[in-house]
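What follows is a single structure, written as structure tokens, with notes after it.
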Amino acid sequence: MAEFLKSVEDLAARIPDGSRIAVPPDYSGCAMAAVRALIRRGARDLDLLGVPQVGFQGDMLIGAGCVAAVETAALTLGEYGAAPRFTAAIKSARLRMRDSTCPAIHAGLQAAEKGIPFMPLRGILGSDVLAHRNDWKTIDNPFGDDDSLVVLPAIRPDVSLFHAALADRAGNVWIGVRRELMLMAHASRQTLVSVEAISDDDLLADDRYASGTIPSLYISAIAQAPRGAWPLGLKGHYAPDAGHLREYVALAATEDGFRKYLDTFVNASESGIDVSA
Amino acid sequence: MAEFLKSVEDLAARIPDGSRIAVPPDYSGCAMAAVRALIRRGARDLDLLGVPQVGFQGDMLIGAGCVAAVETAALTLGEYGAAPRFTAAIKSARLRMRDSTCPAIHAGLQAAEKGIPFMPLRGILGSDVLAHRNDWKTIDNPFGDDDSLVVLPAIRPDVSLFHAALADRAGNVWIGVRRELMLMAHASRQTLVSVEAISDDDLLADDRYASGTIPSLYISAIAQAPRGAWPLGLKGHYAPDAGHLREYVALAATEDGFRKYLDTFVNASESGIDVSA
Amino acid sequence: MYRLEELLIVTIATMLDDLGHVAVGAASPIPGAAGLLARARSQGSLRVSLLGSRRHNAFTDGGKELFDCAAQGRIDAFFLGGAQIDGEANINLVGVGDYPKAKARFPGSFGSSYLYFLVPRVILFSLEHSPRVMVPRVDFISAPGVSPDGVYRPGGPYALVTNRCVFAFHRKKRCFRLLTAHPGEDPGSIRSNTGFDFDAPEQVPETPAPGEADLELLRGRVGREIAEVYPMFASRLWNIKEENEAETPSASTEESIGARFHSLQD
Amino acid sequence: MYRLEELLIVTIATMLDDLGHVAVGAASPIPGAAGLLARARSQGSLRVSLLGSRRHNAFTDGGKELFDCAAQGRIDAFFLGGAQIDGEANINLVGVGDYPKAKARFPGSFGSSYLYFLVPRVILFSLEHSPRVMVPRVDFISAPGVSPDGVYRPGGPYALVTNRCVFAFHRKKRCFRLLTAHPGEDPGSIRSNTGFDFDAPEQVPETPAPGEADLELLRGRVGREIAEVYPMFASRLWNIKEENEAETPSASTEESIGARFHSLQD
């Protein structure tokens, strides 16, 4: 059922303003070329979900004014330091922030995957994470005595957006051990994927691939985007462009610098951007 | 952490009488050689869990008097007809039967996998499956109005027992797309596996295998047992021995015939059994 | 000339034509062939997930995926059988007599207690349309046909296809209505073989005969496709030989063996 | 001669020696090296799951597996940091000032709100032992150090290892107790850099120096192993060159960059 699109611009066009959009962390296959296209098309009011956390794409989308709200266990650039546009947005209270914790995001997506309204989860009690989540509840364990636990509402994103190594002509997408991408696809209304390459072989015909493949049943649209995770890396294929990422962090320290980054690396058409690292 | 054992007898010795033991359906990798060893050692009072249903191994264990209770969505020999020893045991009320439904068994195992006391599930309301399960409850949806749903207690088997194609020297077990076996391993206290072969290569080093591999972290013990699923098949390796299975069904129609089957095909040591189909 | 099985396959296929994704459980050669026929007619826009198939089964997340997929609203139609079926579309896959000690014990409820609630178009299917299957009230409700208001239930019974006729199910009125009678049957023969009451029009049309195009598809492409999972079925009906990989289980379903309580789902 | 990092690694490793499975989150080179050292000393009986590692990370079920694994009781020790840590072992990974509009905003709570409850031996780790990190009361509780009776909590804080000293945490008394002071520190220097009160013995022993065997392992095998994930760390400490596959992210953690709020888990 997956549709093949010509470009990441076409992928970005499938993400309406106001969408609840789920994205993976920096190490798990980020559709950075599609994120640039989303910024170019001037997306607005996105509700960004980190699964379970989000990195550079979050900082960029926030800096570019595409994001109204964030739900995540962390917004982190890892070793590259604090996320400058995120930090600035928090300080000026421009973001509606729903701080979460990793397993709560996985559990919420699993609830959507199972079509159940909520998922119970241990831990979390007594934290300020819970205190600030009006949408989370605490109930008595129906199988326990004097035992309460947190219940998390299902998280059903409008869109999941990520990058993977390989798709086949039927629209099946190989994600290997990055199983959180499969959970995202199961839980989401729409799943949009950019891929390095499209194979003529059926990924489902060989168990070695099938075991790490999201069936096309869950994939809405695919666009080929070689090096589509750049400047992040894609495990097994290419490393992050550390020099570029450091340059981003340096420029994005100020609003002006960030604008300069956008002009240089985003606002040109994707074909005008050198992704060769 | 997986231990390598010399034989299926050693695997069977790890399963104490009274264990709650989870097994897969006939098409998903059944450790039939180990089941025969379990019968030979005279196991008693097993609480058998079909994930989510169980076939020939269930009928055999019940017929041999190893089983006190069964929880399953079905006990079925599929195209081979009614399960004769199961049917006889039900008629004589020798089994404590906990009829379930497939997704409830998966959900209960997922609750154990997540370390939560229960899992909510849609459907089931108004069925006699629910009416006869005193251990299941119905609660109000904490996120809904006038919406109740079933909650299922976590299922944490003492033992999971299955057969797979391949393990490596570190004790990782390749199951391909038979992901219910991974769920069983995550949810169980002990996981015992017979395998066709043991590879010198690290299954986790290559994403194509890793994506379908249960890490040894979850595997308690492994014994090599070539054609260990016989007389059932192992997808991708060998087909079920239809002639033998029909012979089983014919013999097991009577208690005497079943005893004859045991004498011929089970009570000899495993090396005395011709599994070459 | 066509066979009863072909009539049933084409009849069921017509109920699937407008859908996106149809799943078929184990031991269901006729529903499986119907799904594949509908898929062939759809030029591939219909997806069919056939349990037990390697080629027509895209699931990669283990046994739970079929059920999760249904709960996500991604399965439009499914098939269920029943050792007993009653006039409110309750189905019994467990046993006859008092539970748990049954006079006749069947394999069990499989996924029926769940999928019946979640798949919008559940088609009940039985090859034994007799008073012992079509009962006034099932002895054990594996899955209820209807649910009170307030129960989350996007799915439920849509039709009942038997070896004698086709019923539609009316969820509000909680009863079956006879739609068509197969050749050789009439309302009288159907009533005398049905233990529950049902609505019927004054004139009951005959179930339409399969068209030539459908028969050609069945006896060719669809037959070869279904032979992967049900080689004996395809061989018996169409003399089509299995195109199997060696390791594919030589699965087959002889309707003669306990067909009336074939559970039609995993 | 040894470096502070080596002292910390060996100190932490000693807390792991009797365990079966230790997991280490992201951006945690010192805990990671400690895990690998303990593993080397255990002759392989200790399993270490190192997030970001290809060779020392056996998870195959996606991002949720670490958390599920902990809840199953299969993880014996884990590490957490904190932009703020208080005397009841509450940790703050979110921000300083009123939430949500923070004076200083950190990445977020990661898995701390959960793992702190479920992993029996959580070791808190901080390379900035100063009054601004060791506060009387955290501004935001990412995860509480202690929980009331009745809260399901098989896990919790076990020790706090800093650049100045080692504390044990007493769950019943809800407070830290100074165990050892690193060379150059004494109870006075530690108290003046700690915003919360803590117990201390009359004589505070010095943190034992690393043994030769440990230093040899660190500067050899363990250094090479940790270089897979933290090449710049291994290079800076031991001049060990990365043995990386090309595609492995050139991850590195300069403690100088915001080290005090390194979240130590995924």
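In what follows, every chain begins at residue 1, and chains take the letters A, B, ... in the order their sequences are listed. Computed from a predicted model, the values in this text were never measured in an experiment.
- Contact of the C:His56 side chain with the C:Val24 side chain is not registered, since no non-hydrogen atoms from C-beta on lie closer than 4.5 Å.
- Remark: side-chain polar atoms of C:Gln84 are not paired, donor with acceptor, to backbone N or O of C:Met134 under 3.5 angstrom.
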Practice task
Under the side chain to side chain donor-acceptor pair (under 3.5 Å) rule, what do B:Gln110 and B:His186 come out as? Steps first, then yes or no, please.
Solution key: CA-CA 9 Å; B:Gln110 283 187 281; B:His186 288 173; over 6 Å; no
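- Chain C is approached within less than 4.5 Å, heavy atom to heavy atom, by B:Leu121, B:Arg122, B:Gly123, B:Ile124, B:Leu125, B:Gly126, B:Ser127, B:Asp128, B:Val129, B:His132 from residues 121-135 of chain B, ordered by number.
- By the 30° and 60° cut-offs, the orientation of the rings of C:Phe167 relative to C:Phe196 is tilted.
- Listed options C:Asp61, C:Thr60, C:Leu118, C:Val151 were ranked by heavy-atom pairs under 4.5 angstrom with chain B; first place goes to C:Asp61.
- Ring geometry for B:Tyr248 against B:Phe258 counts as perpendicular: the plane angle is over 60°, on a 0 to 90° scale with 30° as the lower cut.
- At a heavy-atom cut-off of under 4.5 Å, chain C is reached by B:Asp146, B:Asp147 from residues 139-148 of chain B, listed in order of number.
- For a residue to count as touching a neighbouring chain, one of its non-hydrogen atoms must lie under 4.5 Å from one of that chain's; by this rule B:Ser28 does not touch chain C.
- Within the 4.5 Å cutoff, the side chain of C:Pro144 has heavy atoms near those of the C:Arg153 side chain.
- At a 4.5 Å heavy-atom cutoff, the contact between C:Asp139 and chain B is made by backbone atoms alone.
- Judged by a 6.0 Å distance limit and a 45° cone about the ring axis, C:Arg171 is not positioned over the six-membered ring of C:Tyr158.
- Side-chain atoms of C:Arg105 and B:Leu75, non-hydrogen and from C-beta on, never get closer than 4.5 Å to each other.
- Looking at B:Glu180, its side chain never comes within 3.5 Å of a backbone N or O of B:His106 through a donor-acceptor pair.
- Between chain C and the options B:Gly176, B:Ala107, B:Ala74, heavy-atom pairs under 4.5 Å are most frequent for B:Ala74.
- Side-chain contact between C:Ile30 and C:Glu5 is present, with heavy atoms from C-beta onward closer than 4.5 Å.
- When the candidates B:Pro24, B:Ala83, B:Ala73 are compared by the number of heavy-atom contacts under 4.5 Å with chain C, B:Ala73 comes out ahead.
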Exercise for the section: Under the side chain to side chain donor-acceptor pair (under 3.5 Å) rule, what do C:Ser130 and C:Arg132 come out as? Steps first, then yes or no, please. Expected result: CA-CA 5 Å; C:Ser130 73; C:Arg132 105 178 150 165; 4.7 Å; no
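- A donor-acceptor pair is defined here as one N or O able to donate and one able to accept, closer than 3.5 Å; no such pair exists between the side chain of C:Asn57 and the backbone of C:Leu51.
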